[in-house]
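First the structure, in the form of structure tokens, and then the observations on it.
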Amino acid sequence: MMALSGISVSRGIAIGEATVLRREQLEISECIIPSPLIEEEIARFRTALLRARRQLRAIRDEIPPEAPPEVAALVDTHLVMFDDQMLREGPIEIIRSRRCNAEWALKMQRDVLMQVFEQMDDPYLRARKDDIDHVVNRIQQNLQGQNSFPDQMLDHRVRGTIVVADDLSPAEIMLMQKQGIGAFITEFGGANSHTAILARSLGVPAAVGVHHARRYIRHADRLVIEGRLGVVIVAPDRRELRWFRASQMRERRARAELGKLRQRPAVTRDGEAITLMANAEVLEDVNAVREAGAAGIGLFRTEMLFLGRKELPDEAEQYETYVRIIEAMQGAPVTIRTLDLGMDKWVGEERPAGAEGSNPAMGLRAIRWCLKDPAMFSAQLRAILRASARGPVRIMLPMLSEERELLQALALLEEAKSELRATGEPFDEHLGVGAMIEVPAAALSVSRFARHVDFLSIGTNDLIQYTLAVDRLDEEVDYLYDPLHPAVLKLIQMTITGGRRAGVGVSMCGEMAGEPAYTRLLLGMGLREFSAAPSTLLEVKRIIVDSDLTHLRDQVRRLLRQGRPGGLEKALDRLNGPDRSWQLADS
Ligand code: PEP
Ligand code: MG
């Protein structure tokens with residue numbers, strides 16, 4: 001047995017025989033074309049371009065209507081590239097100026113395009129280099145009149161096998177999926193590559209970035225892919241195989257059971273409806289959000305748009321991103337949180353001036369940073385407001401510690417609205433505004449915040465950090481990070497009760513909302529809206545539909561009277577009942 005590690009892109013365990021694909025190497029060398037034949041060479045390039053486009057179009061037309069929309073979108077991205085001047089005309093100019101063959105000209109132009117993408121700061125855009133290669137290779141193959149893989153590799157013989165290749169384009173995956181491949185492994189590609197995104201959307205177990213996979217894996221080797229970890233086991237022995245088969249069965253059964261809950265409303269046994277929303281950070285998360293049957297996005301963290309780059313995205317770029325998320329959610333509400341930069345997240349290599357304090361978690365972060373840089377904040381507010389014309393949106397403000405900050409932020413929001421009204425730019429006049437309660441001071445004066453907003457959302461990740469004075473990023477003090485600390489629970493309870501008294505909805509969007517072991521506790525405390533990672537939502541729903549609020553209220557009231565830190569686990573065990581499968585791992 002041998003284990004190879006790669007990058008996890010989709011869950012699931014796949015067991016099967018390897019089909020190792022070796023591409024026919026495209027030999028590309030430069031030839032000088034005599035002047036009278038130049039136009040003929042250009043015509044040859046145009047024909048290859050046309051053929052490649054036609055092939056891709058045919059693949060696009062065969063995508064079944066029930067496939068997730070991203071699948072067609074990925075192939076469309078490649079189709080659009082055929083209209084790009086740099087790809088269409090660039091090689092022709094090179095053929096003319098260098099008097100060289102079309103293959104060489106295309107290769108040179110590909111290198112230029114690669115350099116452009118190489119210099120991009122955004123890892124998502126950098127990953128788009130793969131797309132250029134996929135399109136260029138298809139044109140090269142047409143120039144050379146050959147298929148990338150020997151034909152027999154793309155027929156029924158791949159059915160049920162695990163395909164191992166250097167890289168696979170979305171179009172190749174589409175073809176292979178139709179042939180019924182069981183899973184795939186690629187040597188290249190990252191978690192952001194379209195190949196990875198497609199695997200997730202189609203639910204095909206996969207591991208990408210498994211370096212030198214084809215050096216270690218031979219044709220017909222037995223393989224196991226542990227998709228969640230991105231690990232590939234080559235030639236497992238009988239005992240190992242049995243173990244993986246059993247895990248595969250368990251996982252399938254659990255998924256099928258949970259899957260049944262997707263369409264079921266999140267209603268408790270005694271008939272109370274609970275709102276289950278999902279957290280998201282990038283556009284690609286939307287598919288998982290919908291898969292999990294979420295009622296909407298309860299927290300969209302906007303930082304991903306800003307991280308890993310030197311300059312801030314402008315209003316137009318932000319607007320585009322928000323619109324794409326809103327459209328992908330097809331009418332379900334999207335809660336966009338304004339920037340939470342600072343602490344561990346900032347733009348560019350350096351912390352901004354003023355944010356290099358000795359304790360960044362308590363320094364210039366989130367709303368504090370935004371209020372210090374109103375131009376940046378207003379650009380985001382305008383982008384969110386404009387996007388609100390395209391579908392239901394709520395704005396949420398992070399890390400508020402005093403009412404004044406909230407009032408300043410609301411004033412800037414009003415200003416942004418006036419600007420848009422003046423220019424006739426449409427936006428949702430009734431867009432809801434929410435305050436995150438994640439600083440103890442805010443929880444302790446929740447009524448002050450509640451009177452200015454439409455909803456509250458408890459950010460337990462920070463609320464725990466600030467209540468217990470435990471740096472959430474520091475492993476040394478991780479043992480003190482306790483969601484069940486009575487002080488934390490007291491602040492959560494105050495927020496839920498305070499919100500209810502003020503007549504505003506209270507949600508929870510920290511990790512605690514997605515931990516099934518806490519679901520009953522939170523229901524008993526009065527929480528009626530949860531927002532959590534899509535992967536945990538169905539498990540939370542399982543607890544909800546199996547809970548009776550009338551009993552829970554009293555049980556939880558008694559449980560909360562226990563004042564001793566660390567003393568609540570046993571009481572929680574009793575509350576959660578005999579089904580221990582979803583209880584705390586270490587309880
Ligand atoms: C939180 O603090 O609970 C929260 C949801 O925000 P973040 O994790 O992004 O700080
Ligand atoms: Mg937070």
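When a ligand or atom number is given, it counts from 1 through the structure's own listing order.
- With T335 contributing its side chain and I297 its backbone, the two residues share a donor-acceptor pair below 3.5 Å.
- Comparing heavy-atom distances from atom 8 (O) of ligand 1 across E438, E511, R472 singles out R472 as nearest.
- Counting heavy atoms from C-beta on, the side chains of Q330 and R290 come closer than 4.5 Å.
- Salt-bridge formation is not detected for the pair R365/E438: no Lys NZ or Arg NE/NH1/NH2 atom is positioned less than 4.0 Å from an Asp or Glu carboxylate oxygen.
- Here E303 pairs with R337 in a salt bridge; the nearest charged N to carboxylate O distance falls below 4.0 Å.
- Per-residue contacts place R365 under 4.0 angstrom from the following atoms of ligand 1 (heavy atoms of the residue considered): 10 (O).
- The nearest N/O/S atom of E438 to the Mg ion (ligand 2) is OE1.
- Residue N279 does not touch ligand 1, judged by heavy-atom distances below 4.0 Å.
- Not a single heavy atom of M508 sits less than 4.0 Å from an atom of ligand 1.
- Of the possible donor and acceptor atoms, none in the side chain of R301 sits under 3.5 Å from a partner among the backbone N and O of E281.
- The pair E539-R542 does not meet the salt-bridge criterion, since no charged nitrogen lies less than 4.0 angstrom from a carboxylate oxygen.
- Close approach of ligand 1 to L299 (heavy-atom distance below 4.0 Å) involves ligand atoms 5 (C).
- Note on ligand 1: E303 sits outside its first shell, no heavy atom being nearer than 4.0 Å.
- Interface atoms of ligand 1 facing D340, defined by a heavy-atom separation under 4.0 Å, are 10 (O).
- Contact check on D573 versus K570 returns no salt bridge, with no Lys/Arg side-chain nitrogen under 4.0 Å from an Asp/Glu carboxylate oxygen.
- Between R301 and ligand 1, at least one pair of N/O atoms sits closer than 3.5 Å.
- One finds a salt bridge joining E315 and R386 here, because a Lys/Arg side-chain nitrogen approaches an Asp/Glu carboxylate oxygen to under 4.0 Å.
- Ligand-side atoms of ligand 1 in range of C509: 5 (C), range being under 4.0 angstrom from any heavy atom.
- Within D462, OD2 is the N, O or S atom that lies nearest to the Mg ion (ligand 2).
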